[in-house]
Amino acid sequence: MRKNWDNPLPHAMPEDVFVPSQVQIGSVRVAPATVLAPMAGVTDTVFRRFIRNASVFSRTRCSSGGCSKAPESASSAQIKAHERDFGALEHRSTAQIEASQRDFEALKAASRAQNGPSERDFEAQVAAEISNFQSGCGLIMTEFTSADGLARCRESRRKRYLTFYEDEHPISAQLFGSDPNVVADAALVVEDLGFDLVDLNLGCPAKRVVKCNGGSGLLRDLPQIQRIFEAVRAAVKIPFTVKFRIGWSDAEIVCVELARLAENCGLNGVALHARTREQGYSGNARWEYIGAVKDAIKIPVLGNGDIRTPEDAATMIAQTGCDAVMIGRTAPSNPWIFRQIAEYTASKQATGVGTYTQPTEEDRYQMIHTYFAMLIEEELPEAVGKMKQFASWFTHGVTNGSHLRKAVYEAKSASEVLDRVDEFFEKHLAAEAIF
């Protein structure tokens, strides 16, 4: 998966259009209507929980146009205190979150009626509510998993394939495969493991998947897709969705026909990555096809492709009418994207002026340290490899990030990686504080 975009199109924030506050996918309420896309090698349980909790910014207030300087640099002790804040978020119940959101709505109404808190106070309240109660990511999805491997492996190994924690709900497991009975059996495993939804991958462009007629390889065989849809729908009671591309190539665009097929077979929602298989991740996503799919069916449509900013997310909603946005490649380089979308919506509704915070160097330090510490805590055998993989994502936007990447790549152990990160930022933030 490519980490950069070809000539990304900038978007201005549209007037009076927001990412929806929720979308109902079968029996599952997704609130807000933002989804972390499944990404191979990325969306494991550590990253998913990290994204869910990536809502804590430093106290420095920023607008979408820039940030003011942090009053002081962060120490290791401060960073570790932030980690405890992250952990505390995991233990909030849905009832607590909803009660706090009701209180927030009451405050908003009182402010409008009585001209109560000042705009600055109200914006601070908006930020506090978002930081404390949600990251803005309504649904998370697993890495795609081979249906054949899942259906045939021993029960003890199934949990290794699809590990998740209770604080990850609602969560969807994504499968790929081409045999209807095997995919249906795997979907049953997903349901038995306690996932809220099951999703079928018809979008992966990787050659190793396509050559087995999986992922986007199936886009050239709609009758086989129908057989898979029918088998899975008959096998499970949980909501069933599909993620697909607009077609194999420009000469084989099938997205509208495929979306209608999904609806007719009883699926509960569709997600469209608005590129062909031949495009891979190159060129620009063609959002007009998301709009065409939305016009063709009544079940929820999730739009995916080229959402890099809150402006992009709102523009996709405005241009296509889709019910939710799904974000992939942006999340590893900007884990705050979901929170920024939620913050923009909340501030716009509260004050009439939409703003969102930009991460400071301190925020980036906190983010990198926290994720790496979570990897160590999980005692994953591949922790060092994950750290080095994510260093290229996470150092995007870090001043002298190439120096940090070099230090991380040269480290021999997970603890050494974390030490290198601490050393880099403590020196960097101390120097910044002098100026």
Side-chain angles (χ1 to χ4, degrees), residues 1-6 8 36-51 53-54 56 58 70 73-80 82-83 86 142-144 160 163 204-208 280-282 308 327-337 358-433:
M1 182 174 62
R2 293 176 56 181
K3 297 181 175 67
N4 60 314
W5 285 262
D6 294 332
L36 174 65
M39 292 175 280
V42 177
T43 50
D44 60 12
T45 183
V46 176
F47 185 76
R48 295 191 306 261
R49 286 183 291 128
F50 173 71
I51 286 293
N53 295 329
V56 180
S58 68
S73 63
S75 66
S76 293
Q78 287 173 313
I79 295 299
K80 288 171 183 174
H82 279 307
E83 288 179 42
F86 267 51
T142 68
E143 303 174 75
F144 74 154
R160 198 182 86 178
T163 298
C204 178
K207 290 181 180 178
R208 63 183 177 83
Y281 296 96
S282 65
R308 296 161 292 109
I327 299 172
R329 286 181 289 167
T330 294
S333 58
N334 178 17
W336 304 280
I337 180 63
Q358 296 282 9
T360 64
E361 291 288 281
E362 180 182 332
D363 294 319
R364 295 186 186 282
Y365 176 24
Q366 174 194 327
M367 176 263 290
I368 296 171
H369 182 103
T370 299
Y371 179 69
F372 286 2
M374 290 172 72
L375 286 172
I376 292 173
E377 185 178 353
E378 284 291 314
E379 299 181 345
L380 298 175
E382 68 273 19
V384 176
K386 282 276 188 182
M387 289 174 169
K388 294 181 179 182
Q389 171 195 352
F390 276 85
S392 62
W393 291 102
F394 286 171
T395 54
H396 177 75
V398 173
T399 305
N400 295 323
S402 61
H403 298 168
L404 177 56
R405 286 193 293 275
K406 184 175 184 293
V408 169
Y409 294 154
E410 290 176 350
K412 305 298 183 186
S413 67
S415 59
E416 186 181 353
V417 170
L418 202 55
D419 288 342
R420 296 284 181 91
V421 169
D422 289 341
E423 290 169 7
F424 174 88
F425 277 104
E426 286 181 350
K427 183 184 297 184
H428 181 63
L429 290 171
E432 186 181 73

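All heavy atoms count here, side chains included; hydrogens, waters and symmetry mates do not. Everything numeric here is computed off the predicted structure, so don't read it as measured data.
Between Tyr371 and Phe47, the two ring planes are perpendicular [angle over 60°; tilted spans 30° to 60°].
The minimum heavy-atom distance between Thr163 and Arg48, with the atom names listed, is O-NH2, 2.7 Å. Between Arg308 and Ile337, the shortest heavy-atom contact is O-CD1, 3.8 Å. The two residues Arg329 and Trp393 come nearest to each other via the heavy atoms O-CZ3, 3.3 Å. Contact record, Thr399 with Glu361: N-OE1, 3.5 Å, taken as the closest heavy-atom pair. Shown here for Ala411 and Val417, the closest heavy-atom pair between the two residues is CB-CG2, 3.5 Å. When all heavy atoms of Phe390 and Gly41 are compared, the pair lying nearest together is CE1-O, 4.3 Å.
Side-chain atoms of Thr395 and Val408, non-hydrogen and from C-beta on, never get closer than 4.5 Å to each other. Side-chain contact between Gln389 and Val42: present, with at least one pair of heavy atoms (C-beta onward) separated by less than 4.5 Å. Using a 4.5 Å cut-off on side-chain heavy atoms (C-beta onward), Tyr365 and Thr360 make no contact.
Separation of atoms OG1 (Thr142) and CE (Met39) is listed at 11.5 Å; rounding is to 0.5 Å. Distance check: Leu418 CG to Thr370 OG1 gives 9.5 Å after rounding to the nearest 0.5 Å. To the nearest 0.5 Å, atom CG of residue Leu429 and atom NZ of residue Lys427 are 12.5 Å apart. Arg364 CZ to Phe394 CZ: the interatomic distance, rounded to the nearest 0.5 Å, is 11.0 Å. Here Phe424 contributes atom CZ and Arg405 contributes atom CZ; the two are 9.5 Å apart, rounded to the nearest 0.5 Å. Between atom OH of residue Tyr409 and atom CZ of residue Arg420 there is a gap of 14.0 Å, rounded to the nearest 0.5 Å.
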I'd like to know whether Met387 forms a side chain to side chain contact (heavy atoms under 4.5 Å, CB included) with Ile376, so could you lay out the CA-CA distance, the side-chain angles of the two residues, the decisive distance to 0.1 Å, and finally the verdict. CA-CA 10 Å; Met387 289 174 169; Ile376 292 173; 3.5 Å; yes
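Ionic pairing of Glu378 and Lys386 is not present here: no N-O contact between side-chain nitrogen and carboxylate oxygen is shorter than 4.0 angstrom.
Between the side chain of Asp419 and the backbone N or O of Glu416, no donor-acceptor pair lies under 3.5 Å.
Within 6.0 Å of CD in Glu382 there are more than 12 heavy atoms belonging to other residues, nucleotides or ligands.
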